[in-house]
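Everything on this sheet refers to the single structure shown next.
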Amino acid sequence: MQTKIMYISVNSSDFDQSEEFLQCVEDLRAGELVIFPTETVYGLGAVINKEESLKGIYVAKGRPSDNPLIVHIGEMEQIWQIVKKDPPEVFWKLADKFWPGPVTFIVKKTKNCSDIITGKRESVAVRFPSNRIAQSLIQRCGIPIAAPSANISGYPSPTRPEHLEEMRGRVKWIIETEPLEFGIESTIISLLEEKPVLLRPGPVTKEKLREIIPDLIIGQDMTEAIAPGMKYRHYSPRAKIKLIPWKGDKKEFIKNGMKMIEDLRRDQWTKKAALICTDETIEMYKETAIECISLGSRDNLYRVASHLFHVLRTLDKKGIDCALIEAFEEKGLGITIMNRLKKAASK
Ligand code: TXA
Ligand code: MG
């Protein structure tokens, strides 16, 4: 399939009038696959009312069919096409606070919501993205869009146009834009039980959520069945990843890092190695002569998170065989970053 590529700048005010954009909306409505930006990561979308197109998503990504999809809405009224009437009170409370934005809710689905979206569950994942391009695309389409992250299954989610090269030929359209606001997947909360359960940490942290819902439960082992996708291999570049455990004391942390570099050199000396660190530590590692890449400053974890998948992909671009990555303290957004890093390191 010949993939058409369109670039829309976040600053563009009239992109939704262009012939190209309107053609893309029409193709999406007709059942074609479209990759579009959101504020988290790029999504690979299809309309929810065409089963063949929904199946096509799994094929294009090489995704296991029991890993359900998130449905994206472009305006609030669209939830009734997928969400069963009278969702719990807490849904309204959370949606009011966090939508549009990087939070996904698991709620009961309507009868006609396809089993292909939900993997035959009675529940559906739903999200109202804040990205203007995504909103406009879904609004104009008039039908909610089911979309997983637009990466080949198992690989880090795409956050920049160059990450979408592997999807060319697999979809009808790719809409490209500037680097995405968060660059890490949405927070997922299940509202199926009496108390809300955090299934996947994301840009909205558990601390922020607990300001609204103090009784939020943290999903015990997110690799287990509740958010089925979390059990699969995820976020892994080809390069082998090892984490340098976080220690409160910076000196101890660096000392341990140095030792791990030495060990890596000794055991894997034939391999091409790299170190992924932070602005605070990069200078100290320079003397080791190992290639160092900084994720940014520990004082700005939002930047670190938005940079993470790009850096993981860069390792493969550079032909790195093994990389050490500095861990982060597990609080606030550090929990989200560590969730992805641990998965990248667990092959
Ligand atoms: O930020 C995001 O959430 C991005 C953008 C494109 O919106 N999407 C995304 O989708 O990360 P995906 O498919 O890569 O991850 C969706 C996760 C999977 O782990 C899946 O198992 C879980 O949501 N999920 C979907 N439906 C579910 C359901 N009914 N119950 C429990 N988990 C569900
Ligand atoms: Mg994904």
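Source: prediction; values computed, not measured. As the structure lists them, so they are numbered: ligands from 1, and atoms in each ligand from 1. Index from 1, following the sequence.
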With a 4.0 Å heavy-atom cut-off (strictly under), which part of [X] contacts ligand 1: side chain, backbone, both or neither?
| X | value |
| --- | --- |
| T118 | neither |
| R121 | side chain |
| K108 | neither |

So, are [X] and [Y] salt-bridged, with charged N and O less than 4.0 Å apart?
| X | Y | answer |
| --- | --- | --- |
| E26 | R29 | no |
| R298 | E326 | yes |
| E185 | R127 | no |
| R266 | D263 | yes |
| D115 | K109 | yes |
| R210 | E207 | no |

> Got a sec: is S153 within less than 2.8 Å of the Mg ion (ligand 2) via an N/O/S atom?
Replying inline: no

Any atoms of ligand 1 less than 4.0 Å from a non-hydrogen atom of [X]? List them with their elements.
| X | result |
| --- | --- |
| S186 | 1 (O), 2 (C), 3 (O) |
| I188 | 17 (C), 23 (O) |
| H72 | 5 (C), 6 (C), 7 (O) |
| P148 | 10 (O), 12 (P), 13 (O) |
| R200 | 2 (C), 3 (O), 9 (C), 11 (O), 15 (O), 16 (C), 17 (C) |
| I70 | 3 (O), 8 (N), 9 (C), 10 (O), 16 (C) |
| N67 | 18 (C), 20 (C), 21 (O) |

> atom 33 (C) of ligand 1: which of T187, N131, I106 has the nearest heavy atom?
Replying inline: I106

>> My understanding is that we take every heavy atom of each candidate and find the minimum distance to atom 12 (P) of ligand 1. Doing that for G202, G183, S149, which one comes out nearest?
In response: S149

>> Any nitrogen or oxygen of E185, side chain or backbone, less than 3.5 Å from one on ligand 1?
In response: no

> Out of T40, T38, T104, which residue meets the side-chain hydrogen bond (donor to acceptor under 3.5 Å, both in side chains) rule with S186?
Replying inline: T104

>> Would R313 pass as a cation-pi partner of Y155, given that its NZ or CZ must be under 6.0 Å from the six-membered ring centre and within 45 degrees of the axis?
In response: no

>> Checking side chain to side chain contact (heavy atoms under 4.5 Å, CB included) between I189 and each of V90, V107, L216, V197, which is the one that passes?
In response: L216

